[in-house]
Amino acid sequence: MALDSNMTYDNIKMLEITYGDLSGGGYKALFDFERQKIKWTDEYVWNNNFMKTLNDSKFELLCTNLASTEVIEWVNGYLDGREDEFGRSVPSLSQWKVKIIFNDDSKLEAEAVRHFPRKWNDFKHLIEDTTDCFLKLR
């Protein structure tokens, strides 16, 4: 899919991440850029679910560093079936899904099982640094 001119990092309205193992456990994070909020769901620990406002420094960290993870590019690449160009197969029994909604309500959404983008660890660390939660599969 060709990215249109609105599909830029400055125009992200929501970013939703799901990361889990194949047995159904895992995490979901929903970043609401308009309201500067995060909704976190931990399927391993029921009392680690929350919704909170990101403070200015955490929100700035997210906005400043998101482009370096190239998430728009690799989500679009996976959506187009070019996963080997943007990632690689891994022996881990894990999966991910990323949905990006832009200000005009257009969206990009991709997912994979046992195949991760090369920039996944950069993306994962940014999510952890922003939420103060770890994406550690059990």
Side-chain angles (χ1 to χ4, degrees):
M1 171 179 171
L3 294 174
D4 70 37
S5 61
N6 186 60
M7 294 179 168
T8 65
Y9 292 94
D10 292 335
N11 287 323
I12 294 176
K13 179 166 66 173
M14 288 197 174
L15 174 65
E16 185 176 349
I17 301 100
T18 304
Y19 175 56
D21 56 47
L22 299 181
S23 68
Y27 307 93
K28 292 181 184 172
L30 174 66
F31 290 91
D32 182 333
F33 283 69
E34 291 179 325
R35 296 186 297 167
Q36 202 169 314
K37 292 190 181 285
I38 171 74
K39 180 180 178 188
W40 180 265
T41 304
D42 181 337
E43 295 171 344
Y44 296 113
V45 182
W46 66 269
N47 63 349
N48 191 32
N49 299 326
F50 60 84
M51 179 180 267
K52 68 179 180 180
T53 300
L54 292 171
N55 65 37
D56 290 338
S57 66
K58 294 288 186 183
F59 190 66
E60 180 66 25
L61 175 73
L62 177 65
C63 293
T64 301
N65 294 297
L66 191 58
S68 69
T69 70
E70 300 176 6
V71 64
I72 291 175
E73 293 80 7
W74 52 259
V75 166
N76 189 56
Y78 273 79
L79 181 61
D80 281 348
R82 298 178 290 135
E83 51 276 320
D84 289 335
E85 180 181 333
F86 290 93
R88 63 184 182 87
S89 293
V90 297
S92 170
L93 297 176
S94 54
Q95 58 191 336
W96 61 268
K97 180 178 181 180
V98 174
K99 181 181 354 179
I100 306 166
I101 302 173
F102 298 94
N103 290 331
D104 68 353
D105 290 326
S106 61
K107 64 180 138 181
L108 290 174
E109 185 173 349
E111 61 188 304
V113 175
R114 298 181 68 175
H115 199 288
F116 280 79
R118 287 182 183 84
K119 292 274 190 163
W120 177 260
N121 283 337
D122 295 341
F123 182 67
K124 180 177 166 272
H125 293 309
L126 179 59
I127 302 307
E128 292 173 342
D129 291 345
T130 305
T131 62
D132 293 322
C133 295
F134 291 102
L135 293 164
K136 182 176 179 176
L137 300 180
R138 296 182 172 102

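Since the model is a prediction, treat every value here as computed from it, not as a measurement.
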With side chain to side chain contact (heavy atoms under 4.5 Å, CB included) as the test, would you mind laying out the steps for W74 and N76 before giving the verdict?
-> CA-CA 5 Å; W74 52 259; N76 189 56; over 6 Å; no
S106/N6 under side chain to side chain contact (heavy atoms under 4.5 Å, CB included): CA gap, chis, key distance, verdict | CA-CA 8 Å; S106 61; N6 186 60; 4.0 Å; yes
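- The backbone N or O of I127 lies less than 3.5 Å from a partner atom in the side chain of T131, making a donor-acceptor pair.
- At least one donor-acceptor pair closer than 3.5 Å links the side chain of W96 to the backbone N or O of H115.
- At distances below 3.5 Å, at least one donor-acceptor pair connects side-chain atoms of Q95 with backbone N or O atoms of D21.
- Atom CD of residue E16 and atom CD of residue E109 lie 7.5 Å apart, to the nearest 0.5 angstrom.
- The aromatic rings of F123 and W120 are tilted relative to each other, their planes meeting at an angle between 30° and 60°.
- Atoms CG and CD, on N49 and E43 in that order, are 8.5 Å from each other to the nearest 0.5 Å.
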Check step by step if side chain to side chain contact (heavy atoms under 4.5 Å, CB included) holds for D132 and K58.
-> CA-CA 9 Å; D132 293 322; K58 294 288 186 183; 2.9 Å; yes
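- At a threshold of 4.5 Å between side-chain heavy atoms, the hydrophobic network of Ile, Leu, Val, Met, Phe, Trp and Tyr places F86 and L3 in one connected group.
- With hydrogens and angles disregarded, a donor-acceptor distance shorter than 3.5 Å links the side chain of Y9 to the backbone of I72.
- One distance of note links CG of N121 with CG of L126; it measures 12.5 Å at 0.5 Å rounding.
- Crowding of R82 atom CZ: a count of heavy atoms from other residues, nucleotides or ligands under 6.0 Å exceeding 12.
- For the residue pair D10/T8, the side-chain donor-acceptor check at 3.5 Å is not satisfied.
- Between the N11 side chain and the F102 main chain, no donor and acceptor come within less than 3.5 Å of each other.
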Atom pairs and distances, donor-acceptor, side-chain atoms in residues 27-35, under 3.5 Å, two or more places apart:
from: Y27; atom 1: OH; to: K136; atom 2: O; distance (Å): 2.6
from: Y27; atom 1: OH; to: R138; atom 2: NH1; distance (Å): 3.4
from: D32; atom 1: OD1; to: E34; atom 2: N; distance (Å): 3.0
from: D32; atom 1: OD1; to: R35; atom 2: N; distance (Å): 3.0
from: D32; atom 1: OD2; to: R35; atom 2: NE; distance (Å): 2.8
from: D32; atom 1: OD2; to: R35; atom 2: NH2; distance (Å): 3.1

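- Crowding of K39 atom NZ: a count of heavy atoms from other residues, nucleotides or ligands under 6.0 Å not exceeding 12.
- Taking 4.5 Å as the limit, every side-chain heavy atom of T69 sits out of range of all side-chain heavy atoms of H125.
- For the pair N65/T130, no side-chain contact is recorded, criterion being any heavy-atom separation below 4.5 Å from C-beta on.
- Between F59 and T53 there is no side-chain heavy-atom pair separated by less than 4.5 Å.
- Checked by atom type and distance alone, the side chain of R114 never pairs as donor or acceptor with a backbone atom of L93 at under 3.5 Å.
- Cluster membership for V90 and I17, using ILVMFWY side-chain heavy atoms within less than 4.5 angstrom, is shared.
- Under the 4.5 Å side-chain heavy-atom criterion for ILVMFWY residues, no single connected hydrophobic cluster contains both I101 and W40.
- Note on I38: it clusters hydrophobically with V45, by side-chain heavy-atom contacts below 4.5 Å among ILVMFWY residues.
- Few gaps surround NZ on K119; more than 12 heavy atoms of other groups in view lie less than 6.0 Å from it.
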Step by step, work out the side chain to side chain contact (heavy atoms under 4.5 Å, CB included) result for L66 and L15.
-> CA-CA 11 Å; L66 191 58; L15 174 65; 4.2 Å; yes
